[in-house]
There are 2 protein chains.
Amino acid sequence: MDSKHPAGRLPEPPNPIADDGDEAHFCGTCAFSSACIAAGYNKPELAQLQCLVEHVGPFRAGEHIFRTGDPFRAIFAVRSGTVKTRMVDKEGREQVLGFYLPGEVIGLNAIYPEHFPCDAVALDTSFFCRFSFPAMSALASRIPAVQKHLFRLLSKELGSASLLAGDHSADERMAAFLMDLAGRYAARGFSATRFHLSMSRGDIANYLRLAAETVSRVLSRFRSQNLIRIEGRELELLNPDALRQLGQALLPD
Amino acid sequence: MDSKHPAGRLPEPPNPIADDGDEAHFCGTCAFSSACIAAGYNKPELAQLQCLVEHVGPFRAGEHIFRTGDPFRAIFAVRSGTVKTRMVDKEGREQVLGFYLPGEVIGLNAIYPEHFPCDAVALDTSFFCRFSFPAMSALASRIPAVQKHLFRLLSKELGSASLLAGDHSADERMAAFLMDLAGRYAARGFSATRFHLSMSRGDIANYLRLAAETVSRVLSRFRSQNLIRIEGRELELLNPDALRQLGQALLPD
DNA sequence: CCGGCGGGTTGATCCGGATCAAGGCGGACG
DNA sequence: CGTCCGCCTTGATCCGGATCAACCCGCCGG
């Protein structure tokens, strides 16, 4: 009963183009905002960006944005909500590849194989900007700022992939994970010390290559050391410096 | 005493443009060959590709192609030899990020930070094609095939980064590692069943998040099971199917 | 010639985290 | 209402691979 569909209504309205003057609000947290701004809000190029963007959603928790094997046609920027990407091997074992917050982009790893190599599953009710990739490429050829932006997005993701590379203790990985999330929330203007974990302990464990029990134990220990306050999935970082210290081997710089 | 510098001479000749008709031979195994061909050998665009390529080398085993923190100006395609990329944390611990064979490209993860986030170290005497990245970007804007190629390279590397993601046994990781190398050699026209491991057991161990002793033991076991023949760093795969089977959880498809 | 050294192999021991097990909590639904 | 089920927590036990240790080999430099 709200004019701005708050979530939890309208099972998948087509709603291709954004409907409102909320545009600037949405785009402020978007990974493409700088490209859009570089393209110039008042230039005709913006109209072209508008053409290739499609606002999609809502997806409810558990719904797929795309599935392994789907033909690659577009990349998606998270407008709101949270997503995990994962691969499922033929024995049915899941491997979580990453979590994506508002403003971040999923689907880039599908460019080369031309089919999505993983599933993307909403963890929250989520909305997305869908960017047709052929159109995006064509635009990138004409607007260097857009091309540069795409290169940077790809390269950035390469960097973050090597975050989980090393072999490190459960404590180090957990601390690095929390500080990474904190930094990414902060980069989008959210609180860096209080946030909601949209993913289950099991998903965190899988992502960090730990058992769910270990994640639970480490969080309990962090709590007992007054590093964090945690109730269910509500998290507060009480001593970010100590956590950064703990996770430093895994963290940038 | 050979007209085509065989390696091991001329400490770093400037030699900016390829000097010979061997061009096609070199480029046949290069990651950019398809882009070069797409650009058209006879068109004026090729001249532009020539302008932005610089052949560099030789680098001897242990020498750096680039170092962490160096400003990012170019990406490098391996012409011959092998490279490892690695990060060294402030406690001096090394983390090997990957190995690069002839035809593969290093430096893509530096686009976003604009400085190299890792070292690249030659494992063999190696030669490279150095592509000025600003020039490459400019060319990509004008030639869609080049742009597409860069996108695909970036995306491909994203995919391979998630190879080492999962938590798997030492045997699985080792088998997957060997089959991955085999596939990459095969893709460049080398033998898929007999090749030289340019990296030490320690480097393999570090890359796979194992101890060097474990790598040694697993290889010994594989040998005793007649899966491989190995003498020092010379490797022959005697039963690729069994190895693929072993590593399937980690391998594409 | 020797000694040092990096790399590799193999054996013995240890430990961090996986696994097994039991129980708590809260939400969905008959 | 009670039951079920997914998620989380905590305790007990186990095991794969790390670590420690000893040794070999080839290479380099003196």
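So that the names make sense, note that chain A is the first sequence line, chain B the second, and so on, each numbered from 1.
Between B:Phe59 and B:Phe127, the ring center distance fails the sub-6.0 Å criterion. If you look at A:Phe99 and A:Tyr207, their ring centroids are closer than 6.0 Å.
For A:Met174 and D:dC8, the CE to C1' distance is 13 Å, given to the nearest whole Å. Straight-line distance from the CD atom of B:Glu231 to the P atom of C:dG8: 15 Å, rounded to whole Å. Whole-Å rounding puts the B:Leu123 CG to C:dG7 C1' distance at 14 Å. The interatomic distance linking B:Arg173 (CZ) with D:dG16 (C1') rounds to 11 Å, in whole Å. Protein atom CE of B:Met199 is 21 Å distant from nucleotide atom P of C:dG6, rounded to whole Å. If you take NE2 of B:His168 and P of D:dG17, they are 12 Å apart, rounded to a whole angstrom. The CG atom of A:Leu208 sits 12 Å away from the P atom of C:dG17 (whole-angstrom rounding). The CZ-P distance, from B:Phe222 to C:dT9, rounds to 14 Å in whole Å.
Using a 4.0 Å heavy-atom distance criterion, B:Arg209 is classed as a sugar-phosphate-only contact. Across all strands shown, A:Ala211 has heavy atoms under 4.0 Å from base atoms, whether or not it also approaches the sugar-phosphate. Using a 4.0 Å heavy-atom criterion, one finds that A:Gly202 contacts the sugar-phosphate atoms exclusively.
Ring planes of B:Phe116 and B:Phe72: perpendicular class, angle over 60° (limits at 30 and 60°). Relative orientation of the A:Phe195 and A:Tyr185 rings is tilted, given thresholds of 30° and 60° on the angle between their planes.
Within 6.0 Å of the CZ atom in B:Arg67, the count of heavy atoms belonging to other residues, nucleotides or ligands does not exceed 12. Heavy atoms of other residues, nucleotides or ligands lying less than 6.0 angstrom from CZ of A:Arg73 number 12 at most.
Sequence order on DNA chain D of the closest nucleotides to A:Asp167 and A:Arg201 puts A:Arg201 first from the 5' end.
Only B:Glu213, B:Ser216, B:Arg217, B:Ser220, listed by number, bring a heavy atom of residues 213-221 of chain B to less than 4.0 angstrom from any atom of DNA chain C.
For the residue pair A:Asn109 / B:Ser155, no side-chain donor-acceptor distance below 3.5 Å is found, with atom types taken as modelled.
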